[in-house]
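Keep in mind that the numbers below use all heavy atoms, side chains included, and drop hydrogens, waters and symmetry copies.
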Amino acid sequence: MKEKTIIYQIFTRLFGNQQTSLVPNGTMAENGCGKMNDIDEAVLAKIKTLGATHIWYTGIIRHATTTDYTGYGIPRQTPMVVKGKAGSPYAITDYYDVDPDLAVDVDKRMEEFVNLVQRTHQAGLKVVIDFVPNHVAREYRSIAKPDTVRDLGADDDPHLHFSVNNNFYYCWDQPLDTSELPHDDAQEYEECPARATGNDQFGSRPGMNDWYETVKLNYGIDYCDAGGRSEHFSPIPDTWGKMTDILLFWASKGIDAFRCDMAEMVPAAFWHWATDKVKFAYPGTLFIGEVYDPAQYRTYLHAGFDYLYDKVGMYDCVRDVIGYRRPAADITRQWQVNDDILSHMLYFLENHDEQRIASDFFAADARRGWPGMLVLTCLNSSPVMVYAGQELGERGMDREGFSGTDGRTTIFDYWALSTLQHGYYNRRKMKREERELLQDYSQLLSLANQEDALREGCFYDLMYVNPQISDRQFAFLRKYDRQLMLIVANFDESVRECPVVLPQHAFDYLQIPEGEYKATDLLSGQSRQLTLSPDIPVSITLPANGGVILKILF
């Protein structure tokens, strides 16, 4: 049986943190930190009940932090090139190590991670972790690499701006100019020669808005030659082998999938080379790519990716529909653009980069995002993702520290979320609205794999014959064998009575027999009689910020 992939993203540092008294910009000693061991069998059972098939543990690999672990033999980082007290999980300091913040026993941090993977598998869930291929922390140095591995940059010639044998790009004897960076800490950071910054900033003076805490990795592209950009892939660049070995190392730990950060900033040729080797050694391993340029989607799928973010298309569209900036009918255009690769497009309404639905910057009410989630979950067989706390209405409006009050849950600070504490560690404290939203998410996500028509059925968009509902409602069909689902989402904040037309073509294409049938709404449990006939409207009552999944059996 084909499974619909449903990814539950956990920001591991925050998830299990039970601290309730929090200090903005606080240290780990002040604000606490979630541990891998906090995600025990009981928590995993709750996530499984939610309907998830995969858990993406964000921030597992050791990254830059201001917390001092020198007592454990871990090099200390200079605060000037660390964002926030906890640091960004995308400024990796050792590709072969686990973040010590996440361990109860720091010396056994890898063992605790392997145990987490085993617990997750025993709960019937698969494991996703980040692979950050484009950049590393400025003070990257591996202390956990195998003895046979040469460290990144160890054999570089820093006198060359570019060399296929170098892992980094250099600025010809120019020291790093930190004059535009925060100087809250007395300790200056020195780097000479300066290396290119992670967001393709090849000068020696990164700015406040650059990824100044990172340095760009060299995959054989000279970005600053006379022609502006040239590829040097033969012989194979040194970085290719080192990064593929890192993927194989983590795959050997039982990882089922890699979410690849800013995949489009790394050449597709590398991905083709690396994914082939990983999938040969570990068949079934999935690669999920953060790619924002629709013109490159098919290139990266051809290079070995299984799923790609659908951010600039579907996410942006559904967010605008929720916010009354676009009509619901625009969703049709978004899926049509990627019609040939729909099953490879990963849908979401929240992740660690985006603002929370319930934040003041998005919808200010988690309920307003519900019809969007209904559409994205049921539209076709595409994978779907939920960010921990989304199912509980997390608002993301805390002033955590470096992150500020921006509608996002911080990835830079030590913090805790009361919504997650209520939802996964003390449900007696759950608020009514949290409980109701969690129940609705669990019901919807579980249906996505329980119902054949939702999991792998044919999809038929009804909007082209229903202009009367094109502004605030979205309607479509799913069909598998003798099961038909009529799904209508209501983005309006009022109850709506909607006439929905099924055209003759839908009857012919899906082989729907005309007649009168019992239709059961899988969301409310209510049943009613429906007459299915070409071009004769079916009247459907839709709840505010809700919808129906009407199941009909022939």
Side-chain angles (χ1 to χ4, degrees), residues 25 58-59 61-66 77-93 95 130-141 152-153 156 158 161-162 166-185 187-219 221-225 228-229 239 243 260-267 290-293 309 311-312 351-355 400-408 410-413:
N25 207 39
T58 305
I61 300 177
R62 183 160 69 81
H63 59 267
T65 178
T66 63
Q77 306 291 300
T78 305
M80 181 186 291
V81 285
V82 179
K83 288 184 176 178
K85 287 287 193 296
S88 168
Y90 297 101
I92 301 296
T93 53
Y95 277 119
D130 287 287
F131 176 58
V132 187
N134 176 68
H135 48 269
V136 296
R138 290 231 169 242
E139 295 181 291
Y140 182 94
R141 180 165 72 86
L152 288 167
D156 281 10
H161 164 73
F162 168 81
N166 279 359
N167 300 134
F168 302 117
Y169 298 92
Y170 295 88
C171 297
W172 297 294
D173 297 327
Q174 299 176 45
L176 184 71
D177 183 344
T178 62
S179 60
E180 295 187 17
L181 305 187
H183 286 72
D184 293 340
D185 192 275
Q187 186 178 4
E188 287 284 333
Y189 172 75
E190 296 181 359
E191 181 179 296
C192 189
R195 292 168 294 171
T197 299
N199 59 321
D200 290 359
Q201 206 276 62
F202 291 92
S204 61
R205 188 180 183 182
M208 277 284 295
N209 295 322
D210 289 314
W211 303 348
Y212 62 81
E213 80 280 24
T214 68
V215 288
K216 173 85 172 178
L217 285 171
N218 168 16
Y219 284 84
I221 297 180
D222 186 350
Y223 293 88
C224 302
D225 66 3
R229 174 186 170 125
T239 304
M243 300 306 283
C260 300
D261 184 69
M262 296 307 299
E264 69 181 62
M265 296 183 76
V266 173
E290 185 183 22
V291 177
Y292 293 132
D293 181 2
Y309 273 35
K311 195 276 180 192
V312 298
N351 63 38
H352 67 279
D353 285 321
E354 309 300 340
Q355 290 166 328
E400 305 106 330
F402 184 89
S403 182
T405 306
D406 59 0
R408 299 174 178 85
T410 181
I411 65 169
F412 305 106
D413 305 285

Student: Could you report the tightest heavy-atom contact between Ala263 and Val291, atom names first, then the distance?
Tutor: CB-CG2, 4.1 Å
Student: Write down the atom of Gln77, the atom of Thr65, and the distance for their closest heavy-atom approach.
Tutor: CB-O, 3.5 Å
Student: Give the intermediate values and the outcome of side chain to side chain contact (heavy atoms under 4.5 Å, CB included) for residues Asn134 and Lys216.
Tutor: CA-CA 6 Å; Asn134 176 68; Lys216 173 85 172 178; 2.5 Å; yes
Student: Would you please name every residue forming a side chain to side chain donor-acceptor pair (under 3.5 Å) with Arg138, sequence neighbours left out?
Tutor: Glu191, Thr197
Student: Quick one, Ile221 and Pro267 - any side-chain contact, counting heavy atoms below 4.5 Å?
Tutor: yes
Student: Quick check on side-chain contact (heavy atoms from CB on, under 4.5 Å): which of Thr214, Thr93, Asn167, Leu217 does Val136 satisfy it with?
Tutor: Leu217
Student: Which heavy atom of Gly207 sits nearest a heavy atom of Glu180, and at what distance?
Tutor: CA-OE1, 3.4 Å
Student: Sequence neighbours excluded, which residues qualify as side chain to side chain donor-acceptor pair (under 3.5 Å) partners of His135?
Tutor: none
Student: Is the centre of the Tyr140 ring less than 6.0 Å from the centre of the Tyr95 ring?
Tutor: yes
Student: So do the side chains of Glu290 and Asp353 get within less than 4.5 Å of each other, counting heavy atoms only?
Tutor: yes
Student: Could you list the residues that satisfy side chain to side chain donor-acceptor pair (under 3.5 Å) with Thr66, not counting sequence neighbours?
Tutor: none
Student: In this structure, are over 12 heavy atoms from other groups packed under 6.0 Å from Asp293 atom CG?
Tutor: yes
Student: Kindly indicate whether the side chain of His63, heavy atoms from C-beta on, has any atom under 4.5 Å from the side chain of Val82.
Tutor: no
Student: Donor-acceptor check, side chain of Asp406 to backbone of Arg408, threshold 3.5 angstrom: yes or no?
Tutor: yes
Student: Check whether any side-chain heavy atom of Phe402 lies under 4.5 Å from a side-chain heavy atom of Ser88, and answer yes or no.
Tutor: no
Student: Indicate the atoms forming the closest heavy-atom contact of Asp261 with Pro133, along with that distance.
Tutor: O-CD, 3.2 Å
Student: From Thr239 OG1 over to Asn218 CG, what is the distance, rounded to the nearest 0.5 angstrom?
Tutor: 5.0 Å
Student: Show your reasoning for whether side chain to side chain contact (heavy atoms under 4.5 Å, CB included) applies to Ile92 and Phe131.
Tutor: CA-CA 10 Å; Ile92 301 296; Phe131 176 58; over 6 Å; no
Student: Apply the side-chain contact (heavy atoms from CB on, under 4.5 Å) test between Leu176 and each candidate in Pro193, Pro206, Cys171, Cys192; give the one that qualifies.
Tutor: Pro206
Student: Would Met243 and Tyr219 satisfy side chain to side chain contact (heavy atoms under 4.5 Å, CB included), going step by step from the backbone distance to the final call?
Tutor: CA-CA 10 Å; Met243 300 306 283; Tyr219 284 84; 3.3 Å; yes
Student: Test side chain to side chain contact (heavy atoms under 4.5 Å, CB included) on Tyr212 and Lys83 and set out the steps.
Tutor: CA-CA 9 Å; Tyr212 62 81; Lys83 288 184 176 178; 3.5 Å; yes
Student: Quickly, which of Trp172, Tyr169, Tyr170 forms a ring-ring contact (aromatic ring centres under 6.0 Å, His included) with Phe202? Name it, please.
Tutor: Tyr169
Student: When rounded to the nearest 0.5 angstrom, what is the spacing between CH2 in Trp211 and CG in Asp200?
Tutor: 7.5 Å
Student: Decide whether Ser204 and Gln174 meet the rule of one side-chain donor and one side-chain acceptor closer than 3.5 Å.
Tutor: yes
Student: Indicate the atoms forming the closest heavy-atom contact of Glu213 with Val81, along with that distance.
Tutor: CB-O, 3.3 Å
Student: State whether the side chain of Glu264 and the backbone N or O of Tyr292 hold a donor-acceptor pair below 3.5 Å, judged by distance alone.
Tutor: yes
Student: To the nearest 0.5 angstrom, please state how far the NE2 atom of His352 sits from the CD1 atom of Ile411.
Tutor: 5.5 Å
Student: Rounded to the nearest 0.5 Å, what separation is found between the CD atom of Glu400 and the OG1 atom of Thr405?
Tutor: 7.0 Å
Student: Taking C-beta and beyond as the side chain, do Pro182 and Met208 meet within less than 4.5 Å on heavy atoms?
Tutor: yes
Student: Any heavy-atom pair between the side chains of Tyr189 and Glu139 that's under 4.5 Å?
Tutor: yes
Student: Ignoring hydrogens and geometry, is there a side-chain-to-backbone donor-acceptor pair from Asp413 to Ser403 under 3.5 Å?
Tutor: yes
